[in-house]
Amino acid sequence: MKFVFISIVCYLIPLSVANIIADIISKEYDNLLPPKSNDEPVLVNITLSLLNLRSVKAQDLTFTVDLFVHQYWTDNRLTYPSSDVKENSVTLHSSWSNKLWIPDIYFKNGISGEISAQQFKTTYFILHSNKTIFMASRVTVQLVCDMDFTQYPHDSHLCSIKVTSLSDQRSTVELDWSDFIMSKRLHHTDYLIEFVSKDRCDKSYVIVLRL
Ligand SMILES: *[C@@H]1O[C@H](CO)[C@@H](O)[C@H](O)[C@H]1NC(C)=O
Ligand SMILES: *[C@@H]1O[C@H](CO)[C@@H](O)[C@H](O)[C@H]1NC(C)=O
């Protein structure tokens with residue numbers, strides 16, 4: 001009888017998650033406090049990517065879209081785990097959304113009026129060595145649009161996506177647009193979607209689409 005020994009070797013990723021947690025956040029870190037420096041508002045830069053128009057509901061004047069929301073800001077209280085990491089950035093799992101301060105943005109014309117943190121599904125964070133944090137989330141949101149169906153069936157509607165920060169004081173968070181991107185595959189059987197404009201209005205960032 002012959003015995004065959006099969007050895008399975010697992011290569012461990014040199015940096016364990018536990019290590020990173022201990023390294024990045026100090027005991028004093030309070031994720032409810034915004035990372036203001038010199039009392040300046042936290043600059044949060046946002047890119048929205050429109051992935052899909054799910055539906056347009058004429059009866060309740062709403063439309064539903066899938067969006068990618070990319071945000072970045074700087075949190076100088078974090079410590080980059082430089083001792084273990086050779087690269088200039090580390091990717092952090094979505095569970096970090098409970099540990100880090102994250103911007104309290106929401107959709108002003110969202111149907112439920114709920115704080116979108118509930119609807120946001122954070123996919124990942126990237127922490128750069130200069131303490132800039134990049135956060136990627138995906139959200140499906142139902143938005144109110146004042147549609148006009150008098151021209152039906154040749155109706156077209158100007159609908160907006162309004163993003164704002166829950167911190168009513170501009171002194172806490174200041175939003176800035178990086179970009180608005182529409183997926184090339186974007187099409188809907190009944191609607192042609194056209195980008196009209198992006199603007200700042202009343203502390204919100206407003207993207208206007210023509211459906
Ligand atoms: C930090 O580094 C990233 C990646 O190199 C860069 O995109 C970002 O602009 C930097 N942030 C600052 C505040 O310099
Ligand atoms: C946000 O990104 C845009 C484009 O990359 C840039 O022009 C703008 O200065 C950035 N704003 C902030 C506050 O970093």
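Atoms within each ligand, like the ligands themselves, are counted from 1 in listed order.
Exactly one of Leu209, Leu61, Val65 qualifies for a side-chain contact (heavy atoms from CB on, under 4.5 Å) with Leu143. That residue is Val65.
For Val208, the side-chain contact (heavy atoms from CB on, under 4.5 Å) criterion is met by Leu158, Ser160, Val196, Ser197, Val206, not counting sequence neighbours.
Using a 4.5 Å heavy-atom cutoff, the side chains of Leu100 and Asp75 are not in contact. With contacts defined as side-chain heavy-atom distances shorter than 4.5 Å, the pair Leu33/Arg77 qualifies.
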Present, as a list of atom pairs with distances to 0.1 Å, all nitrogen or oxygen contacts under 3.5 Å between ligand 1 and the protein.
{"residue": "ligand 1", "atom": "2 (O)", "partner": "Asn130", "partner atom": "OD1", "Å": "3.3"}
{"residue": "ligand 1", "atom": "2 (O)", "partner": "Asn130", "partner atom": "ND2", "Å": "2.4"}
{"residue": "ligand 1", "atom": "11 (N)", "partner": "Asn130", "partner atom": "ND2", "Å": "3.0"}
{"residue": "ligand 1", "atom": "11 (N)", "partner": "Thr132", "partner atom": "OG1", "Å": "3.0"}
{"residue": "ligand 1", "atom": "14 (O)", "partner": "Asn130", "partner atom": "ND2", "Å": "3.4"}

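Taking the six-membered ring where tryptophan is involved, the planes of Phe134 and Tyr72 are essentially parallel, since the angle between them stays under 30° and well short of 60°.
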*Apply ring-ring contact (aromatic ring centres under 6.0 Å, His included) to the pair Trp96 and Phe125, showing each step before the final yes or no.*
CA-CA 8 Å; Trp96 278 81; Phe125 293 91; 7.7 Å; no
